Amino acid sequence: TIAVLGKGGAEANPLMATVIAKAGYAGFIGVSAALVGLVWWWASGQEDDPVVQGVLTAGNVVTCGIAAHNAGVSVNMK
């Protein structure tokens, strides 16, 4: 995401766009890390729960999709 933003791209998530506008890339990284920590805390000790597995799987699919999209956009930007 930061690579695309550095090339003139725009953040599509309004929440993260606000974080970047107010706190810069450090804020973006901080919020992202905090969300990872929150999910890790929530899932700890519940790895065998089918609901937790479904939430983690869905999160991974979405995150991978975003990363693939950002990589494609970045390659096509100058």
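These numbers were taken from a predicted model, which means no experiment stands behind them.
The CD1 atom of Ile20 sits 7.5 Å away from atom OG1 of Thr1, with the distance rounded to the nearest 0.5 Å. Note that CD of Glu11 is 7.5 Å distant from CG of Asn70, once rounded to the nearest 0.5 Å. Note that the CZ atom of Phe28 and the OG atom of Ser32 stand 4.0 Å from one another [nearest 0.5 Å]. The line from CG of Leu5 to OH of Tyr25 is 4.5 Å long, rounded to the nearest 0.5 Å.
Contact of the Ile29 side chain with the Ile2 side chain is registered, since non-hydrogen atoms from C-beta on lie closer than 4.5 Å.
When the side chains of ILVMFWY residues are joined at heavy-atom separations under 4.5 Å, either directly or via intervening members, Leu38 and Val52 end up in a single hydrophobic cluster. Residues Val55 and Val39 share a hydrophobic cluster, clusters being chains of Ile/Leu/Val/Met/Phe/Trp/Tyr side chains in contact below 4.5 Å. In the hydrophobic clustering of this structure, Val19 groups with Leu35; members are Ile, Leu, Val, Met, Phe, Trp, Tyr whose side-chain heavy atoms approach within less than 4.5 Å, directly or through other members.
Pairing each heavy atom of Leu56 with each of Ala43, the nearest pair is CD1-CB, 4.0 Å.
The main-chain N or O of Gln53 is never found under 3.5 Å from a side-chain atom of Glu47 such that the two would form a donor-acceptor pair.
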